[in-house]
Structures are given as C-alpha cells and as structure tokens.
Number of protein chains: 2
Amino acid sequence: MNLKKLSETLGLSQTTVSRALNGYPEVSEKTRLRVAEAARRHNYRPNTRARSLATGRAMAVGHVIPISTKHEIVNPVFADFIAGAGETYSKAGYDMVLSVVPDADEARAYAEMKAKGNVDGVIVHGPQLDDRRIPLLHEIGLPFVVHGRATGASLPYSWLDVNNRHAFERATSLLLDLGHRRIALLNGLETMDFALRRRAGFEAALRARGLEADPALMRSAEMTENYGHAAAREMLSTRTAPTAFLTSSLLVALGVRRAVEETGSRIGRDVSIVTHDDELSYFRNGDDLPVFTATRSSVREAGRLAARMLLDRIADPALGPQHRLLEAALVIGPSTGPAAR
Amino acid sequence: MNLKKLSETLGLSQTTVSRALNGYPEVSEKTRLRVAEAARRHNYRPNTRARSLATGRAMAVGHVIPISTKHEIVNPVFADFIAGAGETYSKAGYDMVLSVVPDADEARAYAEMKAKGNVDGVIVHGPQLDDRRIPLLHEIGLPFVVHGRATGASLPYSWLDVNNRHAFERATSLLLDLGHRRIALLNGLETMDFALRRRAGFEAALRARGLEADPALMRSAEMTENYGHAAAREMLSTRTAPTAFLTSSLLVALGVRRAVEETGSRIGRDVSIVTHDDELSYFRNGDDLPVFTATRSSVREAGRLAARMLLDRIADPALGPQHRLLEAALVIGPSTGPAAR
DNA sequence: TGCCCCTGTCAAAGCGCTTTGGATTCGCTT
DNA sequence: AAGCGAATCCAAAGCGCTTTGACAGGGGCA
C-alpha cells in the first residue's frame, strides 16, 4: 500500500492524505480522521526511502563499530549502550544503522555515511586521546555526540560522559579511609580516554594523602577476566603485595577474586576490591545486594541520554555543543573492609 | 556531490555516468575509467535513499532486538553475532539496521520494517519453541534467516545453528567416560530452543549408559555468574552433591568455579566443569590454552555465515530454504578430570 | 556504395514521498 | 447580490538515482 493507492481509495489527493497524516493544519479534522482510519486499516506506512529523499532527512542515526584485526574485541559495554540508545531512537521514530568496519577504515566509514546520506548524525564510541574523529566529523559536517570525552580535542563538541575521575578518586579515598596503603589499579587500556581519567582520579586521591602511586601496582589492558586474574596473581605473590584492588570492570574484578581466593585469602577481610560497574544487563553486580563495592553508572542509561542529545542536535543544528557529566554512585558491598594489619 | 553535478563536470549524461559506475557493459572502458577517476576525486557516493527508491532494493538488513520489561537482558552473545554479521554486510555494501523494541511490539516491528521498506530481509534471533515470528515473516513476505532453530515450526525456513544437542551429548559422554555419575546441568532459559536441545543431548547421553537425569541436578535460568554460583553452591551443599557440572556459558561456569572454590575443593580434581563457549571476543576461555573444558563454537562466525545466507536469499528469492548445522569443537582444558571416588 | 549491426551515448520516465503555489468552496458581511 | 477571507483541497515539481527506449556514428560486408 502506498500513498497513491491510499489516496485513490479515499478519493483524495496525495497532498491531502500526506498532510492529514503528518499533522498539517490545513486539513479538516473530519478528513484527518477518515484518512487516519484508512491508513490504519490498510496498514499503511510511508516508504522511508521516498520520504527521506523528499525531506532530505534520513531519519536514522549511525554507529560505527571498528573491529581491529590485532585484538578483535567488540566492546562488551557496547551491547547495552546500543540497547539504551535504540530505545530512544525507536520512540522518536528513528532507525539505527550500524556499520562494522576494520578500524583502519573508520574515518572512511563516517565520510561514506555522510556521502550516502543514510544517517542524520552519529554517535562516536570509545574516544581516545586527541581523537581524530572529532575534527573529521566537524569537517564533513555530520552532527555527532561523543560517548566519553577526548582530552586534547581543540574543537568544541557535544559529549556525555561519566565522571570517571571523580568516581575513581572517591573509590580510592574509600580504600584509603579503610586504612589501605598499597592499592593496585587494574585499569582499562590507557589509550582510551576514560582509562586515563580513572587513573588521574586514582593518583589524585593518593596525592591528597601525601602518597604516591606505585608503578608496580598499576596495569593497563583490555578488560578481561584473565587479565584480572593474571595481574592479581602476580602482584599478590610479591613481598609487597597490595591489600586492595581497584578494577575497571566487573570482569576484571572477577579475575582478581579468583586470584585472591587461590591464595587462600578472603575478599573483604584480607584483600579488598572496588570495581567500576557499568550495570550491564547480562552481568550484574549481584541481584539485589551488591557483590562488589563499586562505582556504578548505567551504560544503558548513558545510551538513552546520548541518543537524546544527538536527536536534539539533529533537530536544531544551530544548537551549541552540549555536555552532560554523569556521576557514578558508590555502592558498598562485602568486597571491602579495613586493611589487615 | 551528486550524479547530476558529476555528470555535468564530465560533460556526460547521468545515464552514462551511472552505468559506468555500476559496471554496465555498454560504456567504453575509456569513459569508465574517466568516470571512476572523477568519482573518486569528488568523493562521490550515490545517495542510498535515491538509489534504493529507484531500484526497489533497500540494500539493508534488519535485526530486531526485543527488550523485555521483566528481565531487561540484552543477550551477551548478541554483540559478537552482530559484529560477525556486520562484517559480511559491510563487504557486500549492505547496511545493518537495528530496531530495539519492547518484546510485546516485536511482531509489529517486523511488519513495520516491511511496510516502511527500509530493509530487504531480517535475521531472527533467539528462536523459541513454536516461534511465532516464523509464520509471521512468511505472511508478510520478508526474507529471513533464523539464528538457531524453532522446534515445532510447521513452515519451512532457513536457519543456521550449532549442533547443540550433539555438543552436549559429547560433553556429557566425556564426563561419563571420566567416571562421573552425578552430573549437574546448568542450562540457559528453557523457553529458548537452543537450551531444549542442549538438555536433550545431555539426557540422551545419560540414557545411552542406562542412567537417568536427576531433576535435582538440573536448572534453567538466564545465564549469569550469580546463577552459576547460587545453583552450584546449593547443589554442592547436599549429601548427593554432583561431581561434575555442565554449563551453558562461560559466565555460568565462572560462577560454578567460585562456588566450588568456596567449598575448598579443586576444579578438575574434586569437581569437573564443562561449559559451552561461544568464543566471545571480550570473554575468552583462556588466551592460548583453554581454562575450561568446553564445547566451542564461534558465535561471531555464525553471524558471518548467517548474514551470508540471508544475502543469498535476498539476491535470489526463489531459493529454497537453506540449512547449516555447525559442529562445536570439544576442547579439553584443566577443568575436567576423573571422578573422585 | 549501400545496408546492417554494433558501440557508446543520451533524454525522459518513474520510484513514493513532501511541499509549493494555486484553485475551489463555503460562510458571512455589507 | 456581490464580495471577501478562511478553510480545504489539489496539480505539479522535485528529491537523486536507475533504467527503458531511441539515436547518432562507425566499421564490416557484399
């Protein structure tokens, strides 16, 4: 069923039918109802392609997922972010188009989206230091919102981020308050901006007490269970083993827990763990009560909000850059306790 | 840059330029090169909307992600499947459009995709017993491929699946061969078809030895770490504790491991674990050597293949239903050993 | 030389929609 | 009765592309 047929059935012109459906004022309420009814009955939906060709708006937003050939990792938080963003898009009648490309082609993917005209804007994932995508998107003139921030970017841009620095500063302070002095940081990849900020928060909290971060207790890697296990195991075997761990994800925390338990120590009594928790839907930090003490911030909610920001930008391109800084909650679980003496 | 401008710059008609770029034979090699060169120089990409309006093909495939309000879980294997499928799409010049909808609206989402004409086909995720989506998609006439199978579907359809039954049958036999008699099955949600098949494999292996499955040793739930931990902990505390566990995902296995270690037993010596491993990129079963004995099948590869199947169907709608059954590898790790006596 | 058939090119129609710029009707006022 | 807005509705253009059908020009053949 298309506009033409529908208008013929109704004995109206395409113009009138179109206006009726799109809420224009110059059509009487009576015909509007008649049209709406017929549209429903025939299950009519305007063809997206034709509509966006006519309007110039694609009614879709893009997400580029780079896959590297080196370490083919699909960011685990990605699924939840997408789910959140998708909710917002659906409600607003927007489509979400994903483009999976080798990371070397990422820049090209954005240019292509613009040239092909199949999206009105994009969300930028996983910003790094001096991220190249920001000037690029400015140049090609595609509205965008960054999930996270890119330290060193000279151009203004819209972003939504968790206050990673503050979160890790608080988490570290908590451990210090509990008497811990040797605290290990198992960070995410420090090519990522968020990891740098977390580290900064960690170091700031130590400095505030006149302590200095021990390089031997700091690691940076892809956030896997194996990484947490290996790093913790190694650190725990030294004479100057840490009494507490601060980890960048639940998965890493799980690895640390395993290593700790292997030594026969008990979590929360002998060794404390604080982790960041993205509240992934399929990987919760406990069902009702938290298992780990954590800095908590829902990445799904971040997706919803970032999508909202982007749609606003698309609706009003003149809008200045917007920023949204989410604070992580600090939830206390049984994985932390006073430092053993 | 659009076709019109490009053809004006070249002093050619739009027809010729279009044909040159699309590889039609009736244009001389000389002009083809000239056109291709100019297109590259001006970074020309045909506008997707206009093109698909003209051709009638959307050059996109859809994935519907239902989110339930009850248990808002985004399937963790989803990200990797999408990544795999996305690779195939990208290479073939197709877009991937995701639609995140409340699960009550899933049927509507498919109908809408068809009516809006923004996809040429869809992939159906997570089929259940007598899945309603299969007759629905037949009815609305949208090409589709199912990832998994739907027992009880009366209409023919194309699918790609892992031989879950066989995998779990082998895994169970392995444990039986090692002398285990009390084997627990921590299955996924048994509303899912794959879980039913895994269970069938498990039971068949037991029956083949004249054993019967003990209901007390079988659980079915969303595959989380907490679930694995709670179930194992409970089972291990009984007089008739199992000596081996068969789990549906690495995450669940992790939970089991935690529970086992809490009792002071050792994995692989006192208690054995075999798990299914989807080879998720962000959650590997060991880096080089496996940590768990596992039935292994890459869900990412499944995504690549399923996407390929769908594209083939789209290219030739007359194609009969196709099936592809992938065998899981059985990899032996240190998590299994002879039953303690 | 004349005819035919390729080869290479083009103009124009059409995909399904929105939107501009009229046209028509209707209800009132004067 | 004529005139005049306001309220409705419509024809047609245009979005950027593909594709049909036609047309020049040139080489081969008799």
Side-chain angles (χ1 to χ4, degrees), chain A residues 1-36 38-39 42-60 93-95 112-120 315, chain B residues 1-36 38-39 42-60 93-95 112-120 315:
Chain A
M1 177 53 64
N2 59 19
L3 225 212
K4 192 168 169 200
K5 290 219 202 77
L6 184 64
S7 59
E8 278 165 7
T9 349
L10 280 161
L12 288 170
S13 75
Q14 295 190 36
T15 311
T16 306
V17 176
S18 170
R19 309 210 109 147
L21 293 172
N22 291 317
Y24 280 73
E26 51 275 82
V27 42
S28 73
E29 209 47 39
K30 205 179 62 186
T31 42
R32 187 192 303 287
L33 279 165
R34 200 160 68 91
V35 170
H42 293 90
N43 194 28
Y44 167 76
R45 289 286 183 304
N47 180 300
T48 317
R49 311 276 154 176
R51 158 179 266 183
S52 69
L53 184 55
T55 59
R57 285 168 308 132
M59 293 305 284
Y94 272 73
D95 284 337
E112 202 149 299
M113 281 187 161
K114 170 69 175 185
K116 295 201 303 180
N118 62 162
V119 301
D120 296 319
Chain B
M1 177 55 63
N2 59 20
L3 226 211
K4 192 170 167 199
K5 289 219 202 78
L6 184 64
S7 59
E8 278 165 7
T9 348
L10 281 161
L12 288 170
S13 76
Q14 295 189 37
T15 313
T16 305
V17 176
S18 171
R19 308 211 111 144
L21 292 173
N22 290 316
Y24 281 71
E26 52 274 80
V27 42
S28 73
E29 210 47 39
K30 204 180 63 187
T31 42
R32 187 191 304 286
L33 279 165
R34 201 159 67 89
V35 170
H42 293 89
N43 193 30
Y44 168 77
R45 289 287 180 304
N47 179 301
T48 317
R49 311 275 154 174
R51 159 179 266 183
S52 69
L53 184 56
T55 58
R57 286 169 306 132
M59 294 304 282
Y94 272 73
D95 282 338
E112 202 149 301
M113 280 185 161
K114 170 69 175 185
K116 294 202 301 180
N118 61 164
V119 301
D120 296 318

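In what follows, chains are A, B, ... by sequence order, proteins preceding strands, each numbered from 1.
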So what does [X] hit on the nucleic acid, given a heavy-atom distance under 4.0 Å: a base, only sugar-phosphate, or nothing?
{"X": "B:Thr55", "answer": "sugar-phosphate"}
{"X": "A:Ser52", "answer": "nothing"}
{"X": "B:Arg19", "answer": "base"}
{"X": "B:Ser18", "answer": "base"}

Nearest-nucleotide 5' precedence on DNA chain C, B:Ala54 against B:Arg32
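Residue closer to the 5' terminus by nearest nucleotide: B:Arg32.
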
5'-most contact on DNA chain C (nearest-nucleotide basis), A:Leu53 vs B:Ser13, goes to B:Ser13

* **Value rounded to 0.5 Å, distance of CD in B:Glu8 from CG in B:Asn2** =>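 The distance works out to 8.5 Å.
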
**Asked** What distance do B:Met1 atom CE and B:Thr9 atom OG1 have between them, rounded to the nearest 0.5 Å?
**Response**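 Atom-to-atom, B:Met1:CE and B:Thr9:OG1 are 5.0 Å apart.
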
Q: To the nearest 10°, let me know how far the axis at one end of the helix from C:dT1-D:dA30 to C:dT30-D:dA1 is tilted from the axis at the other, five pairs an end.
A: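 Answer rounded to 10°: the end axes differ by 60°.
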
Salt bridge (charged side-chain N to carboxylate O under 4.0 Å, His left out) pairs touching residues 43-60 of chain A, sequence neighbours excluded, are A:Arg45-B:Glu112

Salt bridge (charged side-chain N to carboxylate O under 4.0 Å, His left out) pairs touching residues 23-35 of chain A, sequence neighbours excluded, are A:Arg19-A:Glu26, A:Glu29-A:Arg32

query = If we only count heavy atoms from C-beta on, is the B:Val35 to B:Leu10 side-chain gap below 4.5 Å?
reply =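 Yes, close enough: below the 4.5 Å cut-off.
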
Quick one: does A:Val17's side chain get under 4.5 Å of A:Leu3's, heavy atoms only?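 Yes; the side chains approach each other to less than 4.5 Å.
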
Outer limits of DNA chain D sitting under 4.0 Å from a non-hydrogen atom of chain B, read 5' to 3', are D:dG16 to D:dG21

Hits for side chain to side chain contact (heavy atoms under 4.5 Å, CB included) against A:Ala39, two or more places apart or cross-chain, chain-then-number order -> A:Leu6, A:Leu21, A:Tyr44

Check your understanding: Looking only at side-chain N and O atoms, does B:Thr15 come under 4.0 Å of OP1 or OP2 in C:dC10?
Key -> no

Under the side chain to side chain contact (heavy atoms under 4.5 Å, CB included) criterion, do B:Met113 and B:Asn118 qualify, and how do the steps go?
CA-CA 6 Å; B:Met113 280 185 161; B:Asn118 61 164; 4.1 Å; yes

Sorted by position of nearest nucleotide on DNA chain D, 5' first, the leading residue of B:Arg51 and A:Thr31 is A:Thr31

task: Pull out every residue in residues 20-28 of chain A that has a heavy atom closer than 4.0 Å to any atom of DNA chain C, ordered by number, or say none.
output: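 Contacting residues: A:Asn22, A:Tyr24.
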
### Task
Measure across B:Asp120 and B:Ala58 and return the closest heavy-atom pair with its distance rounded to 0.1 Å.
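Nearest pair, atom of B:Asp120 first, then B:Ala58: OD1-N, 2.7 Å.
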
In terms of heavy-atom contacts, B:Ala50 and A:Leu53 come closest through CB-CD1, 3.8 Å

Atom CG of B:Leu10 and atom C1' of C:dC10 are separated, to the nearest Å, by 15 Å

When rounded to whole Å, the CD to P distance for the pair B:Gln14 and C:dA11 reads 9 Å

